[in-house]
Every structure is written in C-alpha cells, then in structure tokens.
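Comments concern the structure below.
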2 protein chains.
Amino acid sequence: MKPKSVQTEPAAQRPLITDVKALVNSYPRVPITVDCVIFGFDGEELKVLLIRSDLEMYKGKWSLLGDFAEDNEELDDAAYRVLKTRTGMTNVYLDQVRTFSKPNRHPGGRVLTVAYCSLLNIQHHELKTLDNELHWHSVNSIKEMAFDHKEILDTCHQWLQKRIQEHPLGFNLLPEKFSLRELQNLYEAILGVQLDRRNFRKKFAAMGLLIDIGEMEQDVPHRPGKLYKFNFQKYEKNKRKWIGIDF
Amino acid sequence: MKPKSVQTEPAAQRPLITDVKALVNSYPRVPITVDCVIFGFDGEELKVLLIRSDLEMYKGKWSLLGDFAEDNEELDDAAYRVLKTRTGMTNVYLDQVRTFSKPNRHPGGRVLTVAYCSLLNIQHHELKTLDNELHWHSVNSIKEMAFDHKEILDTCHQWLQKRIQEHPLGFNLLPEKFSLRELQNLYEAILGVQLDRRNFRKKFAAMGLLIDIGEMEQDVPHRPGKLYKFNFQKYEKNKRKWIGIDF
DNA sequence: CCAAAAGTGTTCGGAATACACCCATGG
DNA sequence: CCATGGGTGTATTCCGAACACTTTTGG
C-alpha cells in the first residue's frame, strides 16, 4: 500500500517519462512470425496449402506457410509477402485471425505468431514454386502438423465457418463466374453439412446479390446451370447493421 | 527462378535445419505489450477503465491499461496480470481481440500490442490504487487517447457489440442478481439502440436461461421487479451450432 | 391518487423449413 | 429413352416487430 498522500494527489504522483526509446529498450523482445492459413476449393473439398517443415525435428511433418516479420514490417504486410512469395498471387483475401503466444510453442525459443486466414481461387492459381513440396491438402484429412499449426488451422477453420455465414467471403474461393451448385458445394464443404438445394437457391435469390450473366455451364453431362457473378458493389452499398440477440 | 532440378526433386532440395535456436536468433525481435480494454456498466452507461498516460509526449491524454510482456509470459497471462495488478480482481472475463502492429504506433520505436477485452462488474469492484488517475469513463464521451488507443478501444467496442448478441457475456457486467430492466439497459447501452421492453423480455423468457430466484428489487421508487440469475450451467450444456447464411 | 416502471398477449408479416414435380442436356 | 442434376412452387411453422392495457409500489 502506498502512502495516502500519493493516492490523493494524482497530478504529481510520479514524474512523466521523457525518454520513450530507453523505456521501450528496457523490455524483453520477441521474434514474431506470421502464419498463413491459405484455403482453396476444388469444387468438392475445402483445401489448405501446406509445405513440409524445414526443421529436422519436424521432419516429414506438414507446416503452414509463414515467415518471420522483418524490421518495421506491419504484420498484414508480412502475411501478404508470404502469400505473394509462395503463391505468386496478389489481390488475395487476407484477414488477421488470432495471435498465439505460448512460450514453448516454438522449439527454438519463444516465438510469437499471428495467424492470418487467406482465401484464394485454386484455379486462377499456378503454384509458383514447389519448394518444400508445397501443395494442397484436404482440410478434413489433416491429422498432425509441425509446431502448434494444427491448432492454428483449426482456429482458422472455425473462424471461416462463422465468417462465411455472415460475410460474402466465399466468392474468393470460386471462379468469377460460378453456378449455384458450385456455391452450394462450397458452403457444404466449409460448414460440413448438407443443405437443401431449393432453399439454398431461394436464399441467394432473395438477397439479390447474384448477377445472372446470361451464360451457362459448359461440358457438363447433364442440364447446364446458369452462371452468376457476385454483386460486390451492391453488397457494399447496402451493408446492414444487424441487431438480434441469439445465443 | 531456381534451377529446374531443385523444383523436381522435392525430397532433397534443401538441407533440414537442425539448430533451431540459431535460426530463431537470426531474426529481429520486437517488444510486445498487452492492452486491456476493461468495460464496466453502472446501470446507465457503458464505461471503460483508463489511466493518464505516463509519457511526457502524451501528457494529459488517456490511455488503456497495458504493460510489456515479460520473458516467457503467455499474453493471456500478461493481460490477466495487468488486470489483477490494476483492479485487484481475479476471475474476470478476458478475451483476446486483435493484434496491432503498425511500425510507428509507439513513439519509442516498434512495439507490437495485443488487445484484450475484459468485462467486470463495476459494483463488486474496489479500485485498488488510483495511480495515474485510474477511473471509469463513459465510452461514448472519449474523443482522443494516447498512442493508437482510441482505435483499439473502438475495435474492442465493436467486437463487444457483436459478441454480446451471440454469447452471454453481458452477465459479467451485471451483479449476480439482476432485474430484466438492468439487463435491457445493458444491451441498450452497449448496442446504442432502444429495444422494445416486451419483446426483450419475451426473448429471454423463451431462451429459458434465466433463473427466477424469487427475490425482488429493493428501494426502488416504483413497483419492484423480479431478480434473476443467469443459468450458465444450462447454457453450457445446450450450446448449439447455428447454421444460417445471412449477410 | 399520482407517478413510474413492472408485467402481460395478440396480431401481423417475413423468413426458414420441408417437400415433389417438370425440364434440359449428354450419352 | 434414361440418367443426372437444373430449375421452380407451396404449405407450414416459427420468429421478430409492432403495439396497449393493467398492476404494484413509493411518495
């Protein structure tokens, strides 16, 4: 307990700090990484892009795409850099999900990582290099990973499941032109449920956010479906504030 | 571009790293802080706990409660430590919200901060010390803050607005026994809207998660309302998976 | 008896669900 | 003509929104 006088004279209780650099330098520092959970969709399954771990101790284990943050690099930029370096893609959906800070999560000492979720169109995408056996894995088949990457992947998958129901993210995983069947397959793959086809279509029809571009599917062994684009412009204009208690 | 042979021999393309400590040590390190946005509710308004900034350059400005992370301290623990040190409270709701990493966000050099949102019962709580003029501020009246703390506060407020509609967090801000009026005032204060009293009551009645404890409000200048507790146990048991596309 | 807020029900419209039939295409 | 999935409509149920009167307490 401090003397009473200190508590009752708030204005003068302590000298202000002037040397902020010295202050900051007096504290411990931590190496920071970003890890990107890059999801893709092949029309059937939700996929994630992984590499083999570089580390001897995780030999053979799969790992997320990540890197250490550079000096004075904002982490959004670092994640974007990882994405661009590994996939060659720019203009990709990317969002911060969560920071993982267990002191022993990295075998080389304390390393803090910020997880990012990224969605990219698996078709529009040529893997730039195949270093470290970079390739797509079915999300549901992944059992074990290097570091705490399985936990990070699970967190991002759950984040995506929730997010896709409230925001039009999913279109980042589809070609620009897509059929309603493809869209429904995407939702079913991500959410892990079966949806009623007619109600699904009605739902999206009622939203009024799909543009019928007057084209049809090609080369399908059955009646071809119409192709649509998502009306991002209209969505941005009408973004609504939703109030509704529900838990 | 690497030589083709490297790309087509994935198994042996690069030696595995054995000295992970050296690897980690070869990268830049960053000081880490946690900042706690501690919300409270006085029955009327949503409040947040702030102090005057320690720094000369932010003299007079308000600041969130935060601190640098210690060596090998998990950030959840660091946030909890800040909370406990400053308020004396334990057993407090705490959740990580987002990491802020702009390189110039701190005047003393690069400092990365992880924002936490905390909810505590303003009544059950005696401020342990009043160092740095620690006290409660009405969230809506805050205009300017030290560092990027206004941005962090806004982010956490929005996070809370969304979160409270989907999870029973709000009860952390109320006394253990509360009236429906208090509960409604809480929702209105956080969401910044007016809600219909009858529909609000019906909503919570239908959930079946409020326990009527058979007590009444005391010392009110009008008809006293019933007091309730929230049935956390039942909520945990029936937590449901919600599927419903809506954006 | 007056003020103030508690407590309660009904009606209405829109959305989610469940469900069945015809249509277009390729083989 | 058959297999496959596309495209559509309807009945029912449920939920949220709007809305008004009576009751209880303190002053």
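Within every chain, numbering begins at 1; the chains are lettered A, B, ... in the order of the sequence lines, protein sequences first and strands thereafter. Model, not experiment: these values are computed from the prediction.
- We find that CZ of A:F200 is positioned 14 Å from C1' of D:dG6, with the value rounded to whole Å.
- Using a 3.5 Å distance cut-off with no hydrogens or angles, the side chains of B:Q165 and B:Q161 do not pair a donor with an acceptor.
- Using a 4.0 Å heavy-atom cutoff across all strands shown, B:R181 reaches sugar-phosphate atoms only and no base atom.
- Remark: P of C:dT17 and CD1 of B:I245 are 10 Å apart, rounded to the nearest angstrom.
- Residues B:L94 and B:A79 share a closest heavy-atom pair of CD2-CB, 3.8 Å.
- Just one residue in the list B:F204, B:F41, B:F171 forms a ring pair (Phe, Tyr, Trp, His ring centres under 6.0 Å) with B:F178, and that residue is B:F171.
- Whole-Å rounding puts the B:D219 CG to C:dA4 C1' distance at 16 Å.
- Put simply, CZ on B:F178 is 14 Å from P on C:dA6, counting in whole angstrom units.
- Comparing C:dA4, D:dT24, C:dT17 against the side chain of B:H222 picks out C:dA4 as the nearest.
- Residue A:K226 has its side chain nearest to D:dG7 when only D:dT24, C:dG9, D:dG7 are considered.
- In this view, A:K239 and A:E236 satisfy the side chain to side chain donor-acceptor pair (under 3.5 Å) rule, not counting sequence neighbours.
- For the pair B:E44 CD and C:dA5 P, the computed distance is 10 Å after rounding to whole Å.
- When distances run from any side-chain atom of A:R223 to the nucleotides D:dC19, D:dT23, C:dA24, the shortest one goes to C:dA24.
- Using a 4.0 Å cut-off, some side-chain N or O of B:K203 falls inside it from OP1 or OP2 of D:dG16.
- Taking the ring centre of B:W62 as origin, the terminal cationic atom of B:R52 falls inside the region bounded by 6.0 Å and 45° from the ring axis.
- Rounded to whole angstrom, the span from the CZ atom of B:R198 across to the C1' atom of D:dA18 amounts to 8 Å.
- The side chain of B:N199 approaches D:dA17 more closely than any other nucleotide in the set D:dA17, C:dA20, C:dT25.
- For the pair A:P221 and A:M216, nearest-nucleotide mapping onto DNA chain D gives the more 5' position to A:P221.
- Phosphate contact (OP1/OP2 of C:dG7, side-chain N/O of B:R201, threshold under 4.0 Å): present.
- One atom, CD of B:Q218, and another, C1' of D:dT24, lie 14 Å apart when rounded to the nearest Å.
- Residues B:D246 and B:L180 both approach DNA chain C. Their nearest nucleotides, taken by heavy-atom distance, put B:L180 toward the 5′ side.
- A donor-acceptor contact under 3.5 Å is formed by the side chain of A:R197 with the base of D:dG7.
- Minimum atom distance to the side chain of B:K202 is reached by C:dT10, of the listed C:dT10, C:dA6, C:dT17.
- Rounded to a whole Å, the CG atom of B:D196 is 13 Å from the P atom of C:dA6.
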